[in-house]
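Down below is the structure, laid out as structure tokens.
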Amino acid sequence: MYAMKLIAPCKDYIWGGTRLRDEYGKKSDADKVAESWELSCHKDGRSVIANGEYAGRTLEEYIEKEGKQVLGTNCRRFEYFPILIKLIDAKDNLSVQVHPNNEYALRVEGEYGKTEMWYVVDAEEGAELLYGFKHEITREEFAERIKNNTLLEVTNNVPVHKGDVFFIESGTLHAIGKGILIAEIQQNSNTTYRIYDYGRVGKDGKPRELHIEKACEVTKLIPPTRPTKPQGEPVQKDGYTETLLATCEYFNVNKLDIETVAALEATDASFNSVLVLDGTFTIGGLELGKGDSCFIPAGCGKYEIKGKGEVILTDIV
């Protein structure tokens, strides 16, 4: 077993920009690179291994070949690979949307629901995003405001700054605003119900599909309860500082600000995912730069991330 650098599939959604290609080295022939799927076994975009014995194979193929023990014992409760990690460049506003919970999504869509976490990597001055409602409303008012195009009068718009953290529990109305670059850790799902899209049209010249009926069934009509900041305080360790961004039943996410080296361990309990937000590093003989991601199988044992910069470390607890 070894640390595997991953090649991320990219998405050219209409609201995307070019920062992921220009600043983070993502490869795409499309005009826009809205998202790069840094850790993915989802059918809509699978990560490919770049180095070692499995170079050129998908991460999913590696897991099928080696067995689910490479995911760790904490992943036994999941039927599928548990998470999906993305970088998201919002040049324009994303649609106002909501994700269903597991029960609804498995029954209606045949895949997991989606709870997710956003870490704001960068944000333009004055940037903001939509995060739930200003106050509780009834389902009747929700449906009526969608119909009358007045929904944005009761949604909660939040100013955004680098380092903010948003925990988007399934059922939470949300929308990333323009001028924001985000690292997203989410359940392994691509189910999104679009409610409002600013009248935009897709590549075919037609208005993008809305999912009003399903959205009305799954949306929580209350203000969000989690603060927009990391869940833990920075903890100084030998060679780096660790900050807990968010933890839940689906994922555990820490930010490491590394000065020289971070000594870590991939135990039998969980794989480790390392996403470089800034700086250059080595893990063994593997070189990683800004925007690079790697998968470290469960049971690999102790390893070191050497260098200077900022990384996101994700595992399953």
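Starting from 1, each residue takes its place in the sequence as its number.
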key: Side chain Asp122, main chain Leu181, donor-acceptor under 3.5 Å   =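 Here the side-chain-to-backbone pair does not exist.
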ask   = Would you find a donor on one side and an acceptor on the other, under 3.5 Å apart, between the side chain of Gln187 and the backbone of Tyr112?
value =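 No; zero donor-acceptor contacts below 3.5 Å.
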task = Could you tell me whether Tyr196 and Tyr198 have their ring centroids closer than 6.0 angstrom?
result =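 Between Tyr196 and Tyr198, the centre distance is under 6.0 Å.
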Can you give the donor-acceptor pairs under 3.5 Å from side chains of residues 262-273 to other protein atoms, not counting sequence neighbours?
unit_1 : atom_1 : unit_2 : atom_2 : d
Thr267 : OG1    : Ala269 : N      : 3.1
Ser270 : OG     : Ile316 : N      : 2.9
Asn272 : OD1    : Tyr303 : OH     : 2.6

task = Decide if atom CD of Glu213 counts as having more than 12 heavy atoms of other residues, nucleotides or ligands within a radius under 6.0 Å.
result =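 At most 12 heavy atoms, drawn from other residues, nucleotides or ligands, come within 6.0 Å of this atom.
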task = Could you note down all residue pairs passing side chain to side chain donor-acceptor pair (under 3.5 Å) where residues 139-152 supplies at least one of them, sequence neighbours left out?
result =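 Matches after skipping sequence neighbours: Glu141-Arg145, Glu144-Asn148, Arg145-Thr150, Arg145-Glu153.
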Please determine whether a side-chain nitrogen of the Lys or Arg among [X] and [Y] lies less than 4.0 Å from a carboxylate oxygen of the Asp or Glu.
{"X": "Arg200", "Y": "Asp92", "result": "yes"}
{"X": "Arg19", "Y": "Asp22", "result": "no"}
{"X": "Glu169", "Y": "Lys220", "result": "yes"}
{"X": "Lys255", "Y": "Glu310", "result": "yes"}

task = Using salt bridge (charged side-chain N to carboxylate O under 4.0 Å, His left out) as the criterion, point out the one residue from Glu116, Glu35, Glu38 that pairs with Lys86.
result =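 Of all the options given, the one that passes is Glu35.
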task = Specify whether Tyr54 and Tyr62 have parallel, tilted or perpendicular ring planes, treating 30° as the upper limit for parallel and 60° as the lower limit for perpendicular.
result =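 Perpendicular, since the angle between the ring planes exceeds 60°.
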